[in-house]
2 protein chains.
Amino acid sequence: MSLDAILARIDQDMPEAIDRLFELLRIPSVSTDPAYKDHCDAAADWLVADLKSIGATAEKRVTPGHPMVVGHVEGNGPHLLFYGHYDVQPIDPIELWDRDPFDPELQDTPSGKVIRARGSSDDKGQLMTFVEACRAWKAIHGTLPCKITFFFEGEEESGSPSLVPFMKENAEELTTDIALICDTGLFESAVPAITTMLRGLLAEDFTITGPSRDLHSGMYGGIAMNPIRVLTKALGALHDETGAVTLDGFYDDVPELPDEVRAQWQGLGFDHETYLGDVGLKSPAGEQDRTPLEQIWSRPTCDVNGIWGGYTGDGFKTVLPSEASAKVSFRLVGQQDPDKIRESFRNHLESYLPEGFTVDYRTEKGSAASQMSIEDPAFEKARKALSDEWPRPAAYVGCGGSIPIAGFFKDLLGVDAMLIGFGKDDDQIHSPNEKYDLESFHKGIRSWARILDALSN
Amino acid sequence: MSLDAILARIDQDMPEAIDRLFELLRIPSVSTDPAYKDHCDAAADWLVADLKSIGATAEKRVTPGHPMVVGHVEGNGPHLLFYGHYDVQPIDPIELWDRDPFDPELQDTPSGKVIRARGSSDDKGQLMTFVEACRAWKAIHGTLPCKITFFFEGEEESGSPSLVPFMKENAEELTTDIALICDTGLFESAVPAITTMLRGLLAEDFTITGPSRDLHSGMYGGIAMNPIRVLTKALGALHDETGAVTLDGFYDDVPELPDEVRAQWQGLGFDHETYLGDVGLKSPAGEQDRTPLEQIWSRPTCDVNGIWGGYTGDGFKTVLPSEASAKVSFRLVGQQDPDKIRESFRNHLESYLPEGFTVDYRTEKGSAASQMSIEDPAFEKARKALSDEWPRPAAYVGCGGSIPIAGFFKDLLGVDAMLIGFGKDDDQIHSPNEKYDLESFHKGIRSWARILDALSN
């Protein structure tokens with residue numbers, strides 16, 4: 001059987017597949033920091049060359065930010081688009097890494113072999129699962145079973161500023177029968193997942209300014225309002241005692257979970273004590289009247305991702321700073337409108353500013369939540385193919401993270417997106433010591449080979 | 001008259017006095033940062049040499065931290081001790097300085113000539129006013145009118161860890177009839193002041209730890225408690241709506257201001273709108289039922305001097321950090337006990353910690369407030385001498401800052417301290433672009449010459 005030959009080829013080619021991934025992981029393509037611009041470019045070049053090596057026509061496409069990589073393979077059957085991103089998160093705090101984040105290593109751990117490097121799970125390792133599946137197919141058959149478009153971006157970790165303009169300008173080229181997105185995770189080790197519900201994201205980055213200069217707390221303490229006091233009062237009031245977000249109208253457009261979905265989720269037997277215990281936590285911090293899985297998958301949230309102000313070095317400085325800053329993000333669900341939530345947040349923040357204080361906002365971005373329609377038979381074909389590869393059947397699940405691309409395919413191109421990935425909760429993406437299980441990489445490649453086969457029939 | 005000759009000598013010697021001060025200002029003696037240790041040592045060496053140049057026996061005295069400088073000049077009349085500190089505050093944020101903080105310059109400004117450099121006002125410029133007064137006296141008379149002990153420390157800006165042990169070990173050598181401390185300011189440009197009421201200081205530097213590692217807010221947002229949320233909630237609750245500090249028992253040992261002192265302060269005509277307006281602020285931020293002068297001089301305060309956590313670089317990182325940190329200080333008055341306030345603060349903070357969260361404290365220091373007894377006739381002699389030098393009579397005032405040394409002289413050595421200084425509110429001590437008015441330096445030297453004369457009679 002031809003699929004068996006392809007799966008065997010994948011198994012046999014694993015050492016070379018790992019070498020190729022390591023080459024890509026060695027390129028420090030941090031998109032959010034301008035200092036890494038040339039490296040993002042180098043990662044795009046590497047992908048172009050690799051796609052060409054499997055017979056695709058591939059190009060680096062210029063944007064005002066980091067380049068896109070677009071490749072095509074002609075073929076019969078349905079037209080699939082495959083999306084991934086080659087950029088990675090910043091590496092700080094670097095002192096918490098056990099090794100150079102951009103010197104990948106295959107490591108033995110108590111739970112199996114892992115690929116340790118920044119981007120191994122998010123998203124270079126995942127992106128390469130699909131490329132390697134195509135490579136094996138091509139090696140056995142000389143052709144691919146479908147017409148395929150590869151679409152890789154380099155700004156996913158910095159808000160994708162060039163994505164929508166690029167998709168609009170190249171709409172015809174990027175419109176396919178379905179989009180496959182590999183940037184999500186397994187439900188658990190043995191249970192693969194197709195994510196059908198994604199939270200949106202709104203990010204605010206701002207500085208409150210009060211006094212015109214830093215002041216000595218001995219001379220001004222008591223009489224001068226401290227911007228850190230203003231900031232902590234405003235941020236400290238974002239959640240009430242029950243864990244709910246206090247912004248006006250925050251829950252207005254948040255739908256209740258349908259009973260059948262709630263029942264299906266309860267059937268998944270999510271073990272929140274282990275999920276939290278693995279990262280040193282004890283109790284769920286979200287709305288107390290919601291289940292832990294709802295808190296992650298279907299409820300909106302608010303978090304301060306960064307805060308700074310005043311003297312933060314060694315020793316002590318009794319200063320009243322003139323400024324205090326924070327980065328705050330919201331995960332959005334249902335029909336929550338990013339613009340409306342932003343306005344509500346800014347009203348909240350500004351209601352705490354004393355006369356004469358100002359606030360300067362550095363970010364203006366947001367994406368609404370999205371929900372896939374699983375009536376398309378491709379969903380059930382893919383679910384069955386995944387179930388054949390993994391020990392237990394695949395599940396349709398929600399996802400706390402925001403992958404705006406899924407919504408863009410639907411809204412801009414009219415293309416449904418299928419989110420399938422092989423990351424694990426302990427991959428430490430966005431954290432020091434990120435890893436990707438070798439099993440995720442290996443079975444991920446095999447999963448895509450099976451899905452290609454299923455979708456081509 | 002001999003005093004006139006000395007004052008004339010001071011006027012004539014100003015260019016050389018400025019050169020000497022500039023030499024001292026060029027030494028970057030930041031005491032709180034270990035990287036500057038050798039520079040603190042160099043500043044002490046410079047002072048030893050300068051004291052020897054006016055005929056004092058002077059030595060650098062080793063401590064576990066930065067060295068003390070002790071010098072003696074034999075003489076008749078009362079035995080005076082003169083205290084100042086040669087260490088300075090850190091210079092960050094360096095980008096807000098108009099020039100190198102350690103390259104002093106005499107600058108013309110709309111309000112007169114100023115000496116621009118870190119430490120010009122706090123406290124190297126002030127310290128040198130006394131040394132220069134002695135130099136002039138010595139130049140005219142060959143001797144000084146009193147027996148004098150010089151005592152300069154290098155850890156005032158970093159909590160003076162070596163001070164109390166050193167004073168205890170050298171109690172006999174440092175016990176004098178009265179101590180003169182030059183580290184305070186004029187009441188206003190034309191009105192010199194003797195500070196008789198000083199707030200104490202308690203500083204807390206700590207980190208709250210929650211999750212065992214940084215988390216991705218997409219995967220954990222909602223379910224995982226964010227240490228920044230805990231920190232902002234706890235710090236945001238330190239003040240109530242009226243500006244009062246909410247800690248249990250905070251005001252228990254805070255005395256009411258005697259009616260006669262309140263009346264005297266009202267007579268000073270303090271213009272809080274100008275005081276605040278000069279630094280870009282509009283309304284007093286302290287307890288709303290207290291006058292602005294009480295808020296600075298006689299009421300206790302609480303301020304966050306630094307806060308940090310999560311991602312603070314360029315761009316955005318949707319991280320749930322494992323840690324969040326702050327530096328908080330309290331200005332204490334009356335009989336407030338630093339240990340009791342520390343315990344109350346820690347109880348407050350820890351009441352916000354969810355199960356499993358921990359807090360690590362890095363500081364353990366505090367000093368109570370102090371109040372001078374002005375019955376000693378030296379106070380009235382000095383006040384009259386100051387009144388002779390400046391356009392308007394000198395006032396007895398309070399001070400928001402904390403100068404623990406004053407309490408130590410009384411408690412450890414039984415010596416009363418007289419706090420006289422020539423700094424101005426706009427000197428930007430502890431801030432970028434610190435300056436000391438040339439008039440403060442010049443009339444400060446002349447003031448000490450007059451006070452030496454007054455105290456010797």
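Numbered from 1 within each chain, the chains take letters A, B, ... in sequence-line order.
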Check: K233(B) side chain, H239(A) main-chain N or O, donor-acceptor pair, under 3.5 Å
yes
Under a 4.5 Å cutoff for heavy-atom pairs, which residue among N433(B), I223(B), D122(B) has the most contacts with chain A?
I223(B)
Heavy-atom pair with the smallest gap, counting every atom of K317(A) and H430(B):
CE-O, 3.3 Å
Audit row: V279(B), R213(A), side-chain contact (heavy atoms from CB on, under 4.5 Å) steps and yes/no
CA-CA 6 Å; V279(B) 297; R213(A) 59 177 174 84; 3.6 Å; yes
Segment of L235(B) engaging chain A (4.5 angstrom heavy-atom cut-off)
both
What residue among D303(B), T232(B), V304(B) forms side-chain contact (heavy atoms from CB on, under 4.5 Å) with I228(A)?
V304(B)
Quick check on D92(B) against chain A: is it the side chain, the backbone, both or neither that has a heavy atom closer than 4.5 Å?
both
Could you please state which residues from residues 285-295 of chain A sit under 4.5 angstrom from chain B, measuring non-hydrogen atom to non-hydrogen atom, sorted by number, or 'none'?
A285(A), G286(A), P292(A), Q295(A)
Would you say E355(A) and S283(B) make side-chain contact, with heavy atoms under 4.5 Å?
yes
The test is side-chain contact (heavy atoms from CB on, under 4.5 Å); show your working for L281(A) and L215(B) and say whether it passes.
CA-CA 11 Å; L281(A) 295 173; L215(B) 305 174; 4.3 Å; yes
I429(A) versus chain B, the contacting section by heavy-atom distance below 4.5 Å:
both
Hey, which of T312(A), D205(A), T32(A), L238(A) has the most heavy atom pairs under 4.5 Å with chain B?
T312(A)
Among G210(A), G356(A), S212(A), G159(A), who wins on heavy-atom pairs under 4.5 Å with chain B?
S212(A)
Under 4.5 Å, counting heavy-atom pairs only, tell me which of G310(A), P300(A), P211(A), C302(A) racks up the most with chain B.
P211(A)
Quick check on R229(B) against chain A: is it the side chain, the backbone, both or neither that has a heavy atom closer than 4.5 Å?
side chain
If one checks every heavy atom of V328(B) against chain A at 4.5 Å, the contacting part turns out to be backbone
Within a strict 4.5 Å, meaning less than it, do heavy atoms of the D214(B) and P93(A) side chains meet?
yes
Just give me the residue among Q89(B), Q428(B), E157(B) that pairs up with chain A most often, heavy atom to heavy atom, under 4.5 Å.
Q428(B)
Please flag which part of D425(B) lies under 4.5 Å from any non-hydrogen atom of chain A: side chain, backbone, both or neither.
both
If we define contacts as heavy-atom pairs under 4.5 Å, which of G243(A), S158(A), A224(A) has the most with chain B?
A224(A)
Output for pair (D314(B) CG, R362(A) CZ), nearest 0.5 Å, gives 9.0 Å
Given the options S329(A), P90(A), A234(A), which has more heavy-atom pairs under 4.5 Å with chain B than any of the others?
P90(A)
Can you list the residues of residues 318-327 of chain B that sit under 4.5 Å from chain A, counting heavy atoms only?
T318(B), V319(B), L320(B), P321(B), K327(B)
Do other residues, nucleotides or ligands put more than 12 heavy atoms under 6.0 Å from the CZ atom of F250(A)?
yes
State, to 0.1 Å, how close Y220(A) and Y275(B) come at their nearest heavy-atom pair, and which atoms those are.
CE2-CE2, 3.3 Å
